[in-house]
**Student:** 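The structure is given below, and queries will be raised subsequently.
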Amino acid sequence: MSFPLLTATAALPAIGAVATAAVPAAQRTAAKWLALLVSLATLALAITVLVRFEPDGARYQLTESHAWIADFGVRYELGVDGIAVALIALTTLLIPFVILAGWHDADPLETGSRRWRPTQGFFALILAVEAMVVISFEATDVFLFYIFFEAMLIPMYFLIGGFGDRAHEHGEEAASTQRSYAAVKFLLYNLVGGLIMLAAVIGLYVVAGNFSLQEIVQARANGSLHMATNTERWLFLGFFFAFAVKAPLWPLHTWLPNAMQEATAPVAVLITAVVDKVGTFAMLRFCLQLFPEASKWATPVILVLALISIVYGALLAVGQRDIKRLVAYASISHFGFIIMGIFAMTTQGQSGATLYMVNHGISTAALMLVAGFLISRRGSRLIADYGGVQKVAPVLAGTFLIGGLATLSLPGLAPFVSEFLVLVGTFTRYPAIGIIATFGIVLAALYTLVLYQRTMTGPVKPEVSAMPDLRARELVVVAPLIVLLIFLGVYPKPVTDIVNPAVKQTMSDVHKTDPKPSVEAAK
């Protein structure tokens, strides 16, 4: 029996979470190092998955299948395609940076106004989230996926509500109230989406007789499984609603700004760069493959919602006073691009959307983590409390600028390639949607450059005059992300070579081909 590599990649951070939580209370530093080493070992396993994966090979590789709840047709089935491999690599790459960036975020508070902050619990919860996200990308049994899709809400709830941002202009009591509100809102929104999905999962079992993604897709392809039109549409809506909440798609997005505002910067990165990607990934893996006709039926409405997310998120980002809320609304706009690319039903659009998931994770991590370093120095999230930072902390300002330029998809940085592909892929089939979506790029330039101007340029405010520049640990966090943004902006081929075969297979599942260019265009 071959080594269960996929199981090991998900199980290692889960075991690490338990071990980290069990470290004695007085050994906070040991718990941090243990969590970091576990995250690096998990990254090594993910690299092994990446190396062993053959883009032009079978659709699902490194597969594992074992009986689990046989009476209900539930199996422990794992397998990865190119899209899953890319997102597993992203997740395992970001977690060590999240841990390093949050090295002191769960240390005991000096004021004595709060109970002891359980440092071990903070890092254990991060590893638990990593384990659940990784197995969600690997699961090819719908019920198995659902369990971890929902289970990841529990550690995220405690990370938001129990380890919130210490920078709050209204004091510790108000901060605690706001954190609790953000955590509960996050949990309720996602639980409602999950419960609706559960009904759809049960409905799928009634229709198909099992939960195996590969068996159901194969049965639909060879005609041995037929779904009535209305049945397929209702099941699709049940799945899509849960994924749209997680993504998040307008108008189901309102939990995200609160969660990112109140969470620490590393946890905010965990939310938008890692956890939210499960929603858009699941649209590709489950919505399009299980319900191809319903996906095409719903496409016009979903594209309009994605377009609203792009413009609405960008407009609200322009008017934000809080740095972290600005990044949150910018992410809503970016997720609109990702969902638009998925449902444009073109190879360029879906390849761009998958590449966008990876690039958005890297760019948002870079910008939010540098913003977190900035906020921890000043003790405020308000943009108006800054000014002239580039004169006293030029390296911090420079990395902040690169992260911001990546957010606005500047050519030469990674998000540009993915956003360009999404727009091209959308325009070839839905030109009006593609044209209007470009307005989001203009707004992105506006909110990013205004943010940089107000915080980094101008006269040096007295409160930031003694602000230190990035320290060695912080440079170790930021520098590799900046290098990746530049590398993938110039040479995205390593990622596109992995994801393109999976995208073509997904297009085949929904029986879609790329629009042919007109005769005039060909000339």
**Student:** For ring pair (Phe, Tyr, Trp, His ring centres under 6.0 Å), just list the numbers for Phe149 and Phe243, CA-CA rounded to whole Å, side-chain angles, deciding distance to a tenth of an Å, and then say yes or no.
**Tutor:** CA-CA 10 Å; Phe149 179 81; Phe243 303 151; 5.6 Å; yes
**Student:** Mind checking whether Tyr447 and Tyr452 have side chains closer than 4.5 Å, heavy atoms only?
**Tutor:**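 When only atoms from C-beta onward are counted, Tyr452 and Tyr447 do not touch, as no gap falls below 4.5 Å.
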**Student:** Counting distance only, does the side-chain N/O of Ser363 pair as donor-acceptor with the main-chain N or O of His360 below 3.5 Å?
**Tutor:**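 Yes.
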**Student:** Would you sort out whether Val267 and Met156 count as a side-chain contact (heavy atoms from CB on, under 4.5 Å), showing the intermediate values?
**Tutor:** CA-CA 8 Å; Val267 173; Met156 286 306 309; 4.1 Å; yes
**Student:** Verify, without hydrogens or angle tests, whether His334 (side chain) and Thr364 (backbone) share a donor-acceptor contact under 3.5 angstrom.
**Tutor:**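 It does not hold such a pair.
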**Student:** Give, for atom CG of Leu93 and atom OG1 of Thr42, the distance between the pair rounded to the nearest 0.5 Å.
**Tutor:**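 Result: 12.5 Å between the selected atoms.
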**Student:** Compute the centroid of each ring, for Phe240 and then for Phe343, and state whether the two points are separated by less than 6.0 Å.
**Tutor:**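 When the ring centroids of Phe240 and Phe343 are compared, they turn out to be within the sub-6.0 Å range.
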**Student:** Counting only N and O atoms by type, is there a donor-acceptor contact under 3.5 Å from the side chain of Glu130 to the main-chain atoms of Ile126?
**Tutor:**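 Looks like no, no N/O pair under 3.5 Å.
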**Student:** Counting only pairs under 3.5 Å, give me each side-chain donor-acceptor contact of residues 481-492, with atom names and distances, residues two or more places apart or in other chains.
**Tutor:**
none

**Student:** How many angstroms lie between CG in Leu87 and OG in Ser136, if you round to the nearest 0.5 Å?
**Tutor:**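 Between Leu87 CG and Ser136 OG, I get 11.5 Å after rounding to 0.5 Å.
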**Student:** Where do Met283 and Ala247 come nearest, in terms of heavy atoms and distance?
**Tutor:**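 Looking at all heavy atoms of both residues, the shortest contact is CE-CB, 4.2 Å.
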**Student:** Below 4.5 Å, heavy atoms only, C-beta onward: do Val275 and Met132 meet side chain to side chain?
**Tutor:**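 When only atoms from C-beta onward are counted, Met132 and Val275 do not touch, as no gap falls below 4.5 Å.
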**Student:** Quick check, are the ring centers of Tyr157 and Phe186 under 6.0 angstrom apart?
**Tutor:**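 Judged by ring-centre distance (under 6.0 Å), Tyr157 and Phe186 do not meet the cut-off.
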**Student:** Please tell me if the side chains of Met467 and Leu374 come closer than 4.5 Å, counting only heavy atoms from C-beta onward.
**Tutor:**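 When only atoms from C-beta onward are counted, Leu374 and Met467 do touch, with a gap below 4.5 Å.
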**Student:** How about CH2 on Trp103, more than 12 heavy atoms from neighbouring residues, nucleotides or ligands closer than 6.0 Å, or not?
**Tutor:**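 Yes - once you tally the heavy atoms of other residues, nucleotides and ligands closer than 6.0 Å, there are more than 12.
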**Student:** Does any N or O in the side chain of Thr407 come within less than 3.5 Å of the main-chain N or O of Gly403, such that one atom is a donor and the other an acceptor?
**Tutor:**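 Flag set: sc Thr407 to bb Gly403 pair under 3.5 Å.
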**Student:** Just so I know, are the side chains of Ile310 and Trp250 near enough to count as touching, which here means a heavy-atom distance under 4.5 Å?
**Tutor:**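 Not in contact.
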**Student:** For Arg454, does the CZ atom have more than 12 heavy-atom neighbours from other residues, nucleotides or ligands under 6.0 Å away?
**Tutor:**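 Incorrect, the count does not exceed 12.
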**Student:** Once you measure the plane-to-plane angle for Phe337 and Tyr356, does it fall in the parallel (<30°), tilted (30-60°) or perpendicular (>60°) bin?
**Tutor:**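 Parallel.
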**Student:** Run the ring pair (Phe, Tyr, Trp, His ring centres under 6.0 Å) test on Phe286 and Phe281 for me, step by step, so that the C-alpha distance in whole Å, both residues' side-chain angles and the decisive distance to 0.1 Å come before the verdict.
**Tutor:** CA-CA 8 Å; Phe286 296 104; Phe281 163 80; 7.0 Å; no
**Student:** Examine distances only and state if a side-chain atom of Glu419 and a backbone atom of Ser409 form a donor-acceptor pair shorter than 3.5 Å.
**Tutor:**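 Between the backbone of Ser409 and the side chain of Glu419 there is no qualifying donor-acceptor contact (under 3.5 Å).
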**Student:** Starting at CG of Leu401, measure out to CD of Gln390 and round the result to the nearest 0.5 Å.
**Tutor:**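 Atom-to-atom, Leu401:CG and Gln390:CD are 8.5 Å apart.
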**Student:** One pair to check against side-chain contact (heavy atoms from CB on, under 4.5 Å): Arg381 and Arg325. What are the steps and the verdict?
**Tutor:** CA-CA 9 Å; Arg381 301 189 301 252; Arg325 287 183 72 88; over 6 Å; no
**Student:** Can you find a side-chain donor-acceptor pair between Glu463 and Tyr386 that sits under 3.5 Å?
**Tutor:**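 Absent: no donor and acceptor within the cut-off.
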**Student:** Is a side-chain donor or acceptor of Asn359 paired with a backbone partner of Ala414 at a separation under 3.5 angstrom?
**Tutor:**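 Looks like yes, one N/O pair under 3.5 Å.
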**Student:** What do the steps show when you test Phe335 against His253 for ring pair (Phe, Tyr, Trp, His ring centres under 6.0 Å), and what is the final call?
**Tutor:** CA-CA 10 Å; Phe335 275 103; His253 68 283; over 10 Å; no
**Student:** Distance from Ile433 atom CD1 to Leu423 atom CG, nearest 0.5 Å?
**Tutor:**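 Ile433 CD1 to Leu423 CG: 11.5 Å, rounded to 0.5 Å.
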**Student:** Just do the side-chain contact (heavy atoms from CB on, under 4.5 Å) check on Met368 and Phe373 with the steps written out, would you?
**Tutor:** CA-CA 9 Å; Met368 179 57 82; Phe373 299 148; over 6 Å; no
**Student:** Taking the side chain as C-beta and beyond, is there a heavy-atom pair between Met456 and Leu396 under 4.5 Å?
**Tutor:**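 The answer is yes, as the side chains (C-beta and beyond) meet within the 4.5 Å cut-off.
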**Student:** Treating Thr496 as the side-chain partner and Lys493 as the backbone partner, does any N or O pair qualify as donor plus acceptor under 3.5 Å?
**Tutor:**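 A pair under 3.5 Å: yes.
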**Student:** Rounded to the nearest 0.5 Å, what separates atom CG in Leu45 from atom CD1 in Ile88?
**Tutor:**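 Going from the CG atom of Leu45 to the CD1 atom of Ile88 covers 11.0 Å.
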**Student:** To the nearest 0.5 Å, how far apart are CG in Leu191 and CD1 in Ile196?
**Tutor:**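 So the gap between those two atoms works out to 11.5 Å.
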**Student:** Does a salt bridge link Lys185 with Glu262, judged by any charged N lying under 4.0 Å from a carboxylate O?
**Tutor:**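 Result for this pair is no, no salt bridge flagged.
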**Student:** When you measure from the side chain of Asp469 to the backbone of Val395, do you find a donor-acceptor pair of N or O atoms at a distance under 3.5 Å?
**Tutor:**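 Yes, because the side chain of Asp469 sits within donor-acceptor range (under 3.5 Å) of the backbone of Val395.
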**Student:** Could you check whether any side-chain N or O of Glu474 sits under 3.5 Å from a backbone N or O of Arg471, counting only pairs where one atom can act as donor and the other as acceptor?
**Tutor:**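 Between the backbone of Arg471 and the side chain of Glu474 there is a qualifying donor-acceptor contact (under 3.5 Å).
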**Student:** For the residue pair Leu408 and Ile441, establish whether any side-chain heavy-atom pair is separated by less than 4.5 Å.
**Tutor:**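 Contact flag for Leu408/Ile441 side chains = no.
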**Student:** Could you walk me through whether Ile271 and Ile160 satisfy the side-chain contact (heavy atoms from CB on, under 4.5 Å) test, starting with their C-alpha distance in whole Å, then the side-chain angles of each, then the deciding distance to 0.1 Å, before giving a yes or no?
**Tutor:** CA-CA 9 Å; Ile271 295 169; Ile160 296 169; 3.9 Å; yes
**Student:** Could you check if a side-chain atom of Lys32 sits within less than 4.5 angstrom of a side-chain atom of His104, using non-hydrogen atoms only?
**Tutor:**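 Lys32 reaches His104 side chain to side chain.
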**Student:** Side chains of Ser309 and Ile339: does their closest heavy-atom pair fall under 4.5 Å?
**Tutor:**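 No, too far: nothing below the 4.5 Å cut-off.
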